[in-house]
Amino acid sequence: MICRALAKRDRNFFLNLITKATNQSHLRQTHAQIILNGLNTDLATVTKLVQKLSDLAAISDATLICSNFPNPDLFLYNVIIRGFSRNNNHSNSLFIYRQLRENTALKPDNFTYAFVISAASKLLQLQELKVGMAIECLSIKLGFHWHAHVLTGLISLYAKCGDMSTGERLFEQIKHPDIIAYNAMISGFNCNQEMESAIALFRELLVSHQRVNSSTMLGALSLGKWVHDLASKENFKSNIYVSTALIDMYAKCGSIEEARQVFDTMPEKNAVTWNAMISGYGLHGHAHEALQIFDKMVDSKVPLSGVSFVSVLYACSHAGLVKEGEEIFYAMVQDHGFEPLSEHYACMVDLLGRAGELQKALDFIKKMPIEPGPAIWGALLSACKTHKNTELARLASDKLFELDPENVGYHVLLSNIHTADKNYDEAASVRQVVKNRNLAKTPGCTLIEIDKIPHVFTSGQRSHQKTEAIYGKLEKLMGKMREAGYQTDTMTALHDVEEEEKELMVKVHSEKLAIAYGLMNTKRGSEIRIIKNLRVCIDCHNFTKFISKITERVIVVRDANRFHHFKDGQCSCGDYW
DNA sequence: TTAGGGTTAG
């Protein structure tokens with residue numbers, strides 16, 4: 001009987017066993033049997049085993065087996081290069097590729113390049129890749145440029161370097177671009193903010209291919225809700241990528257309830273899904289919900305990521321939950337073994353600063369083991385504006401002017417801090433620097449959609465067809481609001497818009513115009529939604545509160561930082577933004 | 001026995 005159990009098994013037996021394995025422990029047992037049967041030097045068996053191990057996230061086992069294998073061929077190298085990449089260890093993919101080139105006589109093939117280019121483009125996302133690798137990949141093109149898969153990988157790489165013109169050139173070289181090549185292009189246009197191009201290509205794709213796939217849906221999600229309908233019709237609701245992007249889309253479009261609905265109905269969630277839901281709640285100022293989801297994530301088997309902590313800390317800082325934020329930060333280090341990155345430190349400075357604990361924030365910066373960058377000083381400067389601390393503001397802005405001299409926002413912020421402090425000379429001299437150095441300014445603008453047509457307003461704009469009616473409406477509203485106790489706040493009406501202190505006397509902020517226009521063109525009682533590119537100022541925030549009360553409307557404002565839901569004279573942000 | 005594209009924060 002024993003003899004039977006130990007009877008020699010052949011390669012096919014093990015190949016079959018490996019294919020059927022569903023977890024790592026199956027494979028470890030199988031590996032033991034392979035050794036007992038003397039097949040651990042059989043290339044085909046070992047390759048299959050390594051491939052399956054990396055598919056089941058056992059990349060260290062896979063590597064060990066490979067490094068003990070006497071003469072690995074190109075196929076085995078390819079499998080391990082791809083394996084590292086699939087396990088999110090892209091730098092090791094590149095490392096193995098280098099080993100292959102420097103320590104062996106093997107010639108990489110089109111498969112090798114498809115894997116290694118994909119790994120390189122993923123590293124770019126992590127902002128770790130040096131330009132040198134991109135150049136190295138360019139040389140690859142010389143040998144394998146006719147392979148559509150390699151070209152598609154290169155498109156993605158160039159897109160992530162912000163070079164879509166090269167992307168377009170590569171795309172033209174593909175004789176019959178398939179759906180995946182289209183998707184690489186659409187997603188490239190998307191991340192490079194070339195919407196208007198993304199849409200055109202998406203339309204072209206719909207004409208040229210009968211069916212779209214899940215990546216297409218993702219590339220086009222920012223087009224809006226109708227994509228969700230398309231996703232439902234095409235049955236992509238169970239795709240984790242599509243559903244996660246839907247959560248993000250709904251949260252960013254202001255429908256946090258719909259985001260939650262998608263989240264709740266997902267059969268399977270990964271870390272990105274959880275993070276998207278947490279950050280969605282943070283964006284809307286619903287910190288307690290964000291914390292609840294975070295706790296559930298900890299309970300689930302899904303491993304936390306650095307982004308999970310950024311998202312939950314962001315939610316805490318925007319709701320004034322200092323104690324909770326601090327607890328999470330220390331748990332992150334002590335319980336979860338994460339080493340905080342600069343973005344985590346920035347979240348903490350923001351958390352303390354927003355809550356008015358400026359000195360504590362400064363002490364925190366001094367104790368940090370890393371050199372504070374612009375995000376950290378920027379958070380402190382912003383807090384100095386809110387809590388009117390001119391002295392610390394000078395310190396923070398000096399650092400910022402040194403670290404990020406081209407950024408006009410910090411100058412504007414400092415000028416506004418001086419203005420609020422009634423120190424007009426200092427404010428003027430800061431603005432003079434901006435003028436002398438000819439730094440680019442960002443004009444504030446607000447968008448409102450009426451009957452699916454977007455209307456964009458800028459501060460003091462008089463070019464809209466209905467200008468007279470809009471300003472008339474605004475006058476009427478102002479009258480009613482003053483009766484209700486509204487007073488214009490010009491002193492502190494400045495966050496990061498420039499020179500609007502002067503303009504305020506004669507001009508009107510874009511969000512007021514958009515809201516007036518919205519009130520004129522929507523049904524009584526319906527919700528008004530607007531989007532502003534800069535942070536909403538204190539006066540407009542106050543204005544919108546009054547409007548929501550006297551007109552009995554819900555007004556949802558998305559500014560550069562977050563959502564504000566105005567209802568019955570109150571804002572969901574609790575004036576904490 | 002191996003391909004390429006896609007989701008989250010600041």
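Computed over heavy atoms, backbone and side chain alike; hydrogens, waters and symmetry mates excluded. Just so it is clear: chains get the letters A, B, ... in the order the sequence lines come, proteins before strands, and each one is counted from 1.
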>> What residues from residues 287-317 of chain A pass a heavy-atom cutoff of under 4.0 Å to DNA chain B?
In response: A:Val307, A:Val310, A:Ser311, A:Tyr314
> Can you tell me if A:Arg101 and A:Thr112 form a side-chain donor-acceptor pair at under 3.5 Å?
Replying inline: no
>> It should be established whether A:Lys252 places a side-chain nitrogen or oxygen under 4.0 Å from OP1 or OP2 of nucleotide B:dA9.
In response: yes
> What's the CG-C1' distance between A:Asn190 and B:dT7, to the nearest Å?
Replying inline: 12 Å
> Which nucleotide in the list B:dT7, B:dG10, B:dT2 gets nearest to the side chain of A:Arg82?
Replying inline: B:dT2
>> Distance to the ring centre below 6.0 angstrom and angle to the axis at most 45 degrees; does that hold for A:Lys48 and A:Phe14?
In response: no
> With a 3.5 Å cut-off and no angle check, do the side chains of A:Thr19 and A:Asn16 form a donor-acceptor pair?
Replying inline: no
> If you look at every strand shown and take non-hydrogen atoms under 4.0 Å, does A:Asn78 touch a base, only sugar-phosphate, or nothing?
Replying inline: base
> For residues 303-314 of chain A, which residue pairs qualify under salt bridge (charged side-chain N to carboxylate O under 4.0 Å, His left out), counting only residues two or more places apart or in two chains?
Replying inline: none
> Please give, in whole Å, the distance from B:dT2 P to A:Ile18 CD1?
Replying inline: 14 Å
>> Please give me every residue in residues 45-58 of chain A whose heavy atoms get under 4.0 Å of an atom in DNA chain B, ordered by residue number.
In response: A:Thr47, A:Gln51
>> Hydrogens and angles aside, do A:Ser308 and A:Asn275 bring a side-chain donor and acceptor to less than 3.5 Å of each other?
In response: yes
>> Applying a 4.0 Å non-hydrogen cut-off, can you work out what A:Asp350 is touching in the nucleic acid: base, sugar-phosphate, or nothing?
In response: nothing
